[in-house]
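Every heavy atom of this structure was used, including side-chain atoms; hydrogens, water molecules and symmetry mates were not.
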2 protein chains.
Amino acid sequence: MKVSKGTDYALHAMAYLVSQNGKRDKLPVQELAGKLDVSSTYLSKILARLVKQKYIVATSGAKGGYSLPADWEDISVYDIIVAIDGELTLFEDSFNHGDECKIQRLMMEVEADMIEGFKKKSVEELI
Amino acid sequence: MKVSKGTDYALHAMAYLVSQNGKRDKLPVQELAGKLDVSSTYLSKILARLVKQKYIVATSGAKGGYSLPADWEDISVYDIIVAIDGELTLFEDSFNHGDECKIQRLMMEVEADMIEGFKKKSVEELI
DNA sequence: TTATTATAGACTCATAATATCCATAATTAG
DNA sequence: CTAATTATGGATATTATGAGTCTATAATAA
Ligand code: SF4
Ligand code: SF4
């Protein structure tokens, strides 16, 4: 029951981007990977998913790199987690014996609270 | 970010034990495995862990099987999860850059809420 | 045109969850 | 006592997935 390393990296990368916001315009993956102590090719893969969801902006070419989009303050920790790990669910119901099942409902409740918790956290709070 | 199948089985087994409490005294693993549609040898392994934590009672020999302990009403869903999956943590911090780290604190908060959520759920509520 | 940067796909590797098998111990019925 | 039934423990196999690498390609600035 863990957040994946990929999400871990993504959150840290976001945190760093946020921390540098205003000071620097674009950060190449090399620099980010250096900060996070992870291979740059791997981090590329992770960040590509954030780009696809528009949570960061990528610029190819010399002097390019990653930066935050205009609406970055709206991005939540939940958004990042889902972008990397996919929709988060605590419980995979193999059968679904109907709506009234207590086990299912119980898990859903805790799950919903967790999702709420992550949604309430903006990436702005990461630094 | 999922509860393991093992925990899933354990919760369902507990639910069944609770539902049969009073009516039947001991349920052999064969019967439980049949109900859950899982191999009995595998379920044995799972239940053995619950036995070790005293969340269920095992009786060897003919007419034996699994039953609930005297204090079964105190058992929480959290207890079961931990017994099978181990202590649950959302976040593995590879570095721990100090107490003031926001990322860490944020994850811990959501994690603590989740744990609270599971602790509040008694296995009694499973049926 | 060249250097620099991101993207995409195929691929490998490591690890843990899942599951099976079998031998052994405990208990009861007869 | 013996045979049948039940749980336990260890070894092992299988599978799935996360984690990570490599390489070719596209885009962009200088
Ligand atoms: S008993 Fe409930 S949780 Fe379990 S498989 Fe059926 S519907 Fe799902
Ligand atoms: S930045 Fe915070 S969460 Fe990340 S490794 Fe350091 S202490 Fe842990």
Enquirer: Measuring from the side chain of B:P28 (C-beta onward, heavy atoms only), which nucleotide among D:dG9, C:dT5, D:dA7 has the closest atom?
Expert: D:dA7

Enquirer: Return the 5'-most residue of the pair A:S60, B:Y9 with respect to DNA chain C, ranking by each residue's nearest nucleotide.
Expert: A:S60

Enquirer: Under 4.0 Å between any heavy atoms, over every strand shown, what does A:K45 touch: base, sugar-phosphate, or nothing? Just pick one.
Expert: base

Enquirer: How long is the span from the CZ atom in B:R49 to the CD1 atom in B:I56, to the nearest 0.5 Å?
Expert: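 Here the interatomic distance stands at 12.5 Å.
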
Enquirer: Nearest 0.5 Å, please: how far is NZ in A:K35 from CG in A:L27?
Expert: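 Nearest 0.5 Å value for the CG-NZ distance: 10.0 Å.
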
Enquirer: Please find the pair of heavy atoms, one from A:F118 and one from B:M107, that lie closest to each other, and give the distance.
Expert: CE2-SD, 3.8 Å

Enquirer: Measure the distance from CZ on A:R49 to C1' on D:dG20 and round it to the nearest whole Å.
Expert: 13 Å

Enquirer: Return no unless some side-chain N or O of A:T41 is found under 4.0 Å from OP1 or OP2 of D:dG20.
Expert: no

Enquirer: Ignoring the backbone of A:Y66, work out which of D:dG9, C:dT7, C:dA8 is nearest its side chain.
Expert: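 It is C:dT7.
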
Enquirer: Quick check: on DNA chain D, is the nucleotide nearest B:T59 upstream (toward 5') of the one nearest A:K63, or the reverse? Name the residue that is more 5'.
Expert: B:T59

Enquirer: What is the distance from CG of A:L47 to P of D:dA19, rounded to the nearest Å?
Expert: 15 Å

Enquirer: To the nearest angstrom, how far is B:E92 atom CD from C:dA16 atom C1'?
Expert: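 Checked: the CD to C1' distance equals 14 Å.
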
Enquirer: Without decimals, in angstroms, what is the distance between B:I46 CD1 and D:dG9 C1'?
Expert: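 Rounding to the nearest Å, CD1 of B:I46 and C1' of D:dG9 are 14 Å apart.
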
Enquirer: Rounded to whole Å, please give me the gap between CD1 in B:I56 and C1' in D:dT6.
Expert: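 To the nearest whole Å, that distance equals 14 Å.
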
Enquirer: Tell me whether the side-chain N/O atoms of B:Y42 come closer than 4.0 Å to OP1 or OP2 in D:dT12.
Expert: no

Enquirer: The test is side-chain hydrogen bond (donor to acceptor under 3.5 Å, both in side chains); show your working for A:Y78 and A:E116 and say whether it passes.
Expert: CA-CA 8 Å; A:Y78 177 76; A:E116 254 325 290; over 6 Å; no

Enquirer: Decide yes or no, distance alone: a donor-acceptor N/O pair under 3.5 angstrom between the base of D:dG20 and the side-chain of A:K5.
Expert: no

Enquirer: What's the closest nucleotide to the B:S39 side chain, out of D:dG20, C:dT5, C:dT20?
Expert: C:dT20

Enquirer: Rounding to a whole Å, what distance do you find between B:R24:CZ and D:dT6:P?
Expert: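 That distance rounds to 11 Å.
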
Enquirer: Which residue, B:K52 or A:G61, contacts DNA chain D at a nucleotide closer to its 5' end, judged by nearest heavy atom?
Expert: B:K52

Enquirer: Out of curiosity, A:L11 CG to A:I84 CD1, how far, rounded to the nearest 0.5 Å?
Expert: 8.5 Å

Enquirer: Could you check whether A:V38 gets within reach of a base, just the sugar-phosphate, or nothing at all, counting any heavy atom under 4.0 Å?
Expert: nothing

Enquirer: In whole angstrom, what separates A:D85's CG from D:dG18's P?
Expert: 8 Å

Enquirer: Rounded to whole angstroms, how far apart are CD on B:E31 and P on D:dT5?
Expert: 16 Å

Enquirer: With rounding to the nearest 0.5 angstrom, report the NZ to OG distance, A:K26 to A:S67.
Expert: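 The NZ atom of A:K26 sits 6.5 Å away from the OG atom of A:S67.
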
Enquirer: Give a yes or no on whether a donor-acceptor pair under 3.5 Å exists between the nucleobase atoms of D:dG18, that is its base, and the side chain of A:K2.
Expert: no

Enquirer: Heavy atoms only, 4.0 Å cut-off, all strands: where does B:S44 land among base, sugar-phosphate and nothing?
Expert: base

